[in-house]
Amino acid sequence: MHIVCCSDSNYLQHTAVMLVSLFENNKDTDINVHLIGPELDKVEYERFSNTIAKYNHTLNYYQFDLHLLEKFPGTRQYISSTTWCRLFIQDILPADIDKVLYLDGDIIVTDDISELSRIEMGDNLVAAVSDEINGYDEYYTRYGFPKDYIYFNAGMLLINLAAWRRYDVKTKALEYLARTDRPELENADQDLLNIICAGKTIDLPLRYNLQDALCRNKILHIRKEIEEILDDEIKQGKVFHFSCPKKPWSMKCIHPKKPLYYEYLDKTEWKGSGVGINDGEVIYMIFYWIAYALHLTNRYRIK
């Protein structure tokens with residue numbers, strides 16, 4: 001299985017935790033990790049490399065020139081600009097690789113997902129899970145999606161790299177970004193990938209990318225047919241995605257799967273790294289628990 005990750009030095013620890021969760025739950029799978037990012041801090045990269053080596057998997061690092069992204073749109077504060085690097089994978093990865101699984105660094109894998117590598121892609125560019133939070137009506141109007149299209153979350157993407165190259169996704173992306181009349185890309189490359197891949201996607205079960213908001217009690221915009229199966233998909237969850245600004249390494253995160261982050265962290269070269277606590281976070285948590293007691297918070301449905 002070929003895994004692609006995009007990371008700078010600041011996110012290497014979290015990407016390593018994600019990969020360890022993958023390794024621990026896919027022990028019978030030979031995994032090749034392809035890391036794309038800018039020049040990395042030597043100490044941090046050594047920790048990352050040693051973590052991969054401990055599991056006897058292969059690591060390939062491709063240094064990316066961030067100057068290529070200078071004219072790219074900005075991203076939300078909690079989204080690294082390195083996310084744009086994956087638009088260039090058709091040129092970066094070896095030509096003999098025809099299918100890869102892209103995973104964000106703010107993910108925890110909780111089960112065997114090797115079956116993803118056996119999905120027949122046909123001429124589809126990607127297989128992904130719907131984004132029930134961002135894929136609302138305004139997006140369909142803004143980007144001109146077909147009515148039957150399902151907007152996907154790009155944190156977990158099974159990429160048909162052979163078709164991606166034939167379709168020349170990179171060139172189409174750069175041409176779209178160069179347009180002066182293009183609408184704002186609120187979710188950066190996720191929006192752009194949805195635009196390019198519309199009509200060429202496979203819709204995967206929610207269990208392969210259970211985004212933060214999907215795990216909450218109250219979900220805006222969610223489709224009725226998804227609401228009906230959501231609890232069962234969570235029970236069978238294989239990939240949990242901390243897709244909101246409050247990440248598991250922050251004190252503010254109260255996601256029920258947060259402890260798994262630290263369980264897998266202690267299997268990396270960053271073992272013992274704890275949560276940094278500041279006065280603002282302490283005040284935040286005090287008010288959170290008051291709101292929790294008053295049933296004012298949007299709590300999680302995970303038991």
Side-chain angles (χ1 to χ4, degrees), residues 1 3-7 11-27 29 31 33 51 76 78-80 83 101-117 126-135 151-158 187 190 203-220 222 226-227 229-268 270 273 275 297-303:
M1 179 185 288
I3 303 295
V4 174
C5 312
C6 297
S7 178
Y11 230 73
L12 275 183
Q13 171 183 315
H14 313 313
T15 302
V17 172
M18 178 274 291
L19 288 170
V20 166
S21 73
L22 174 70
F23 300 158
E24 288 286 339
N25 291 288
N26 293 264
K27 292 184 176 180
T29 303
I31 296 173
V33 177
T51 297
R76 294 180 180 180
Y78 63 94
I79 301 176
S80 169
T83 185
L101 179 64
Y102 170 86
L103 293 172
D104 270 351
D106 56 350
I107 275 173
I108 292 294
V109 179
T110 59
D111 204 346
D112 189 338
I113 59 171
S114 59
E115 67 270 20
L116 289 173
S117 64
V126 298
V129 173
S130 63
D131 189 323
E132 298 296 324
I133 310 308
N134 291 304
Y151 179 91
F152 61 77
N153 181 279
M156 190 289 295
L157 288 178
L158 182 63
N187 289 305
Q190 175 170 294
D203 188 29
L204 293 175
L206 299 174
R207 69 193 67 171
Y208 292 108
N209 185 359
L210 285 161
Q211 301 131 59
D212 181 275
L214 287 176
C215 299
R216 293 179 180 265
N217 283 326
K218 298 178 183 178
I219 307 172
L220 298 176
I222 192 167
I226 295 299
E227 179 71 45
I229 64 171
L230 185 51
D231 285 334
D232 189 53
E233 285 295 310
I234 290 174
K235 289 177 183 177
Q236 300 182 65
K238 292 173 178 283
V239 177
F240 288 86
H241 185 187
F242 301 98
S243 52
C244 76
K246 300 177 183 66
K247 305 301 183 184
W249 50 89
S250 165
M251 181 183 177
K252 292 181 180 180
C253 176
I254 45 87
H255 194 293
K257 296 295 182 181
K258 175 178 179 174
L260 288 177
Y261 174 85
Y262 291 95
E263 177 182 328
Y264 293 120
L265 176 66
D266 283 345
K267 297 179 184 294
T268 73
W270 285 270
S273 300
V275 178
T297 60
N298 187 5
R299 291 170 290 176
Y300 289 88
R301 63 173 70 202
I302 301 177
K303 304 301 181 183

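Please read these numbers as outputs of a predicted model, since none were measured by experiment. Residues take their numbers from the sequence shown, with the count starting at 1.
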| Using 30° and 60° as the class limits, which term best fits the ring planes of Trp249 and His14: parallel, tilted or perpendicular? | parallel
| request: Take the angle between the ring planes of Phe242 and His255 and call it parallel below 30°, perpendicular above 60°, tilted in between. | output: perpendicular
Exercise: identify the closest heavy-atom pair between [X] and [Y]:
X      : Y      : result
Met18  : Cys5   : CE-SG, 3.7 Å
Asp232 : Gln236 : OD2-NE2, 2.8 Å
Met1   : Ile3   : SD-CD1, 3.5 Å
Leu214 : Leu206 : CD1-CD2, 4.2 Å
Leu210 : Glu233 : CD1-O, 3.8 Å
Leu157 : Ala128 : CD2-CB, 3.6 Å

Just by modelled atom types, is the [Y] backbone N or O under 3.5 Å from a matching donor or acceptor in the [X] side chain?
X      : Y      : value
Lys267 : Ser21  : no
Lys247 : Cys253 : no
Asn26  : Ile113 : yes
Thr51  : Val20  : no
Tyr261 : Asp106 : no
Gln190 : Ala154 : yes

Indicate yes or no: at least one non-hydrogen side-chain atom of [X] is less than 4.5 angstrom from one of [Y].
X      : Y      : answer
Ser130 : Asp203 : yes
Met156 : Lys238 : no
Phe152 : Leu204 : no
Thr15  : Leu103 : no
Leu265 : Gln13  : yes
Ile222 : Leu230 : yes
Tyr11  : Asp104 : no

| message | Lys257: which residues meet the salt bridge (Lys or Arg N to Asp or Glu O under 4.0 Å) condition with it, sequence neighbours left out? | response | none
| Considering residues at least two apart in sequence or located in another chain, which fulfil the salt bridge (Lys or Arg N to Asp or Glu O under 4.0 Å) criterion with Lys235? | none
| request: Assess whether side-chain hydrogen bond (donor to acceptor under 3.5 Å, both in side chains) is satisfied between Tyr151 and Asn153, documenting all intermediate values. | output: CA-CA 7 Å; Tyr151 179 91; Asn153 181 279; over 6 Å; no
Hey, what do you get for [atom1] ([X]) to [atom2] ([Y]), rounding to the nearest 0.5 Å?
X      : Y      : atom1 : atom2 : value
Asn209 : Arg207 : CG    : CZ    : 13.0 Å
Leu22  : Asp112 : CG    : CG    : 9.0 Å
Leu101 : Ile31  : CG    : CD1   : 9.5 Å

| query | Is there a side-chain hydrogen bond (donor to acceptor under 3.5 Å, both in side chains) between Asn25 and Tyr264 once you walk through the steps? | reply | CA-CA 11 Å; Asn25 291 288; Tyr264 293 120; 3.1 Å; yes
| task | Please identify each residue that fulfils side-chain hydrogen bond (donor to acceptor under 3.5 Å, both in side chains) with Asp212, with sequence neighbours left out. | result | Arg216, Tyr300
